[in-house]
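To keep things clear, I will list the structure first and then write my remarks on it.
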There are 2 protein chains.
Amino acid sequence: MLDLSKLNLPEKQRLIVDTALDLFQQFGIKRIPVEEICKTAGVSKMTFYKYFKNKNELVRFMWEKGFEQSLEKFDEIQALDIPFEKKLQLILKMKEESTAKISHQFALDYFYASPDLKDFFEKLSRESISRFLSFIKNAQEKGEVRSDLRPEFLLAVINIIKIMVKDEALINSYSNYQDFVMEVNNFIFYGVLPRPTSEE
Amino acid sequence: MLDLSKLNLPEKQRLIVDTALDLFQQFGIKRIPVEEICKTAGVSKMTFYKYFKNKNELVRFMWEKGFEQSLEKFDEIQALDIPFEKKLQLILKMKEESTAKISHQFALDYFYASPDLKDFFEKLSRESISRFLSFIKNAQEKGEVRSDLRPEFLLAVINIIKIMVKDEALINSYSNYQDFVMEVNNFIFYGVLPRPTSEE
DNA sequence: CTAATATTATACGTTTTTTATATAATTATA
DNA sequence: TATAATTATATAAAAAACGTATAATATTAG
């Protein structure tokens, strides 16, 4: 996620974000000093500090915009006139892609250094979860998800997943992080499909 | 390259080298502080400094041992009773593998910080080149490489390649660094095969 | 061309990180 | 139990990174 072409930023600012995105994904946020972003982007340090108060604000900016864009896409998918399961597939794919970007390393290693960014990240996560819950509730009303599933339970499951994400042994048992993400999503979404009661 | 099992190091030292190898390859040498190697390896800092004077010495150690092992393998290949072209294929494969390890990032980003390591790396490179030249000369004597090729020219070509390696635009035009390495090797070795004069 | 704006290079003081060592306590081993 | 290996902790010094100030240079618009 995060399509910079949609943001209409000044050239230099776009360059900075673009470069930082690359570097952060490759090495993790905390390993990349501001000066390296600037050097790699071919932009002076002063220009960086013109557009962003500091590295945290840059990260916040990227996450916020990326989050907005993924919400937009989420809404688009919901509005499509296709079966529930197809929507789920699209959403899973989207989730997978955005998680590949705001990936393991990218996010996690920075939290230990910056508590407020961690808070911010979790705020975005919460909002994201809430959207998913609405989606499920709506699907329940339409009979696309079994009605005896308590949304609160689903919420608890999602909270547990936040803990699971910190379980390195678990994560490492997957060949890559996306596989893990897919597993989680498969569990959440395909695990709550209406149980087959009779042939149709 | 660099098979730690062959080195018979004390457990903790092996752990340190093994861990450092991983981290350096993933993030580059300069991005990994000694303390992170220790934490990741689950070894105290004092133990690190017991086995290595500093990070440079660790890097030097790894390069030296890796270089020794690759020379051994090089000699083994030369001693095999197989056609010249088969040997070349094996050597190319070996080169490719060892370059994948002492890779782009792994080596290059550190040179700017540590000139003596750069010197050391280049010393190893020179020795390596010299070995290759002997190999070619020997092949010339056997009529496996065209005799009108001047080894000095080959040396010059190899020196130019050292400059080429610093040409980021060129490197980036390959999808990955190994592809570039293969290209270079293909040029050097397959470009000097005896020209077909008549059918045999 | 001129004035306003954006960008850069440089220098700088401050904070943070990293380094490398010293010391004492703990653990493992013969 | 004595010896060696390892750790935890503290610390001074060096290096890296931060963020700002300033002056010079490009760029752009009127």
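Each chain gets a letter, A, B and so on, in the order its sequence line appears, and its residues count up from 1. Fair warning: this is a prediction, and the values are worked out from it, not measured in the lab.
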### Query
Got a sec, which residues hit salt bridge (Lys or Arg N to Asp or Glu O under 4.0 Å) with B/Glu72, two or more places apart in sequence or on another chain?
none
### Contact pattern, 5' to 3', of nucleotides 20-30 of chain C - B, S or - by protein heavy atom under 4.0 Å
BBB--------
#### Entry: Bend angle of the helix from C/dC1-D/dG30 to C/dA30-D/dT1, end axes from five pairs each (to 10°)
50°
### Query
Which residues satisfy the side chain to side chain donor-acceptor pair (under 3.5 Å) test with A/Gln78, sequence neighbours excluded?
none
### Message
Just so I know, are the side chains of A/Asp22 and A/Thr40 near enough to count as touching, which here means a heavy-atom distance under 4.5 Å?
### Response
no
Please tabulate, one pair per line, each protein N/O and nucleotide N/O from nucleotides 24-28 of chain D that are separated by under 3.5 Å, including the distance.
none

### Query
Looking at residues at least two apart in the chain, or sitting in another chain, which of them share a side chain to side chain donor-acceptor pair (under 3.5 Å) with B/Asn138?
B/Lys142
### Summary
Heavy-atom nearest pair, B/Gly66 first then B/Leu2, reads N-CD1, 3.7 Å
### Query
Once you round it to whole Å, what is the distance between P of C/dT19 and CD of B/Glu36?
10 Å
### Message
Between P on C/dT19 and NZ on B/Lys30, what's the gap in Å once rounded to a whole number?
### Response
14 Å
### Message
The criterion is ring-ring contact (aromatic ring centres under 6.0 Å, His included); which residues satisfy it with A/Phe48, sequence neighbours excluded?
### Response
A/Phe52
### Summary
Closest heavy-atom pair, B/Ile37 versus B/Ile16, reported as atoms and distance to 0.1 Å, is CG2-O, 3.9 Å
### Query
Does B/Lys55 use its side chain to pair, donor to acceptor, with the backbone of B/Ile29 at less than 3.5 Å?
yes
#### Entry: With sequence neighbours excluded, residues passing ring-ring contact (aromatic ring centres under 6.0 Å, His included) with A/Phe120
none
### Query
Considering only heavy atoms, which members of residues 4-15 of chain B lie under 4.0 Å from some atom of DNA chain C?
none
### Message
Heavy atoms from C-beta onward define the side chain here; which of C/dT7, D/dA8, C/dT8 lies closest to that of B/Ser44?
### Response
D/dA8
### Message
If I take atom CD1 in residue B/Ile29 and atom P in nucleotide C/dT18, what distance separates them, rounded to the nearest angstrom?
### Response
16 Å
### Query
B/Asp116: what forms a salt bridge (Lys or Arg N to Asp or Glu O under 4.0 Å) with it, not counting sequence neighbours?
none
### Query
Got a sec, which residues hit salt bridge (Lys or Arg N to Asp or Glu O under 4.0 Å) with A/Glu64, two or more places apart in sequence or on another chain?
none
### Query
Are the side chain of B/Ser125 and the backbone of B/Phe121 linked by a donor-acceptor contact shorter than 3.5 Å?
yes
### Task
Would you mind reading off the distance between A/Lys39 atom NZ and D/dA16 atom P, rounded to a whole angstrom?
11 Å
### Query
Could you state the CG-C1' distance from A/Asn56 to D/dC18, rounded to the nearest angstrom?
12 Å
## Note on the structure
Applying salt bridge (Lys or Arg N to Asp or Glu O under 4.0 Å) to B/Glu11 and not counting sequence neighbours gives B/Arg14
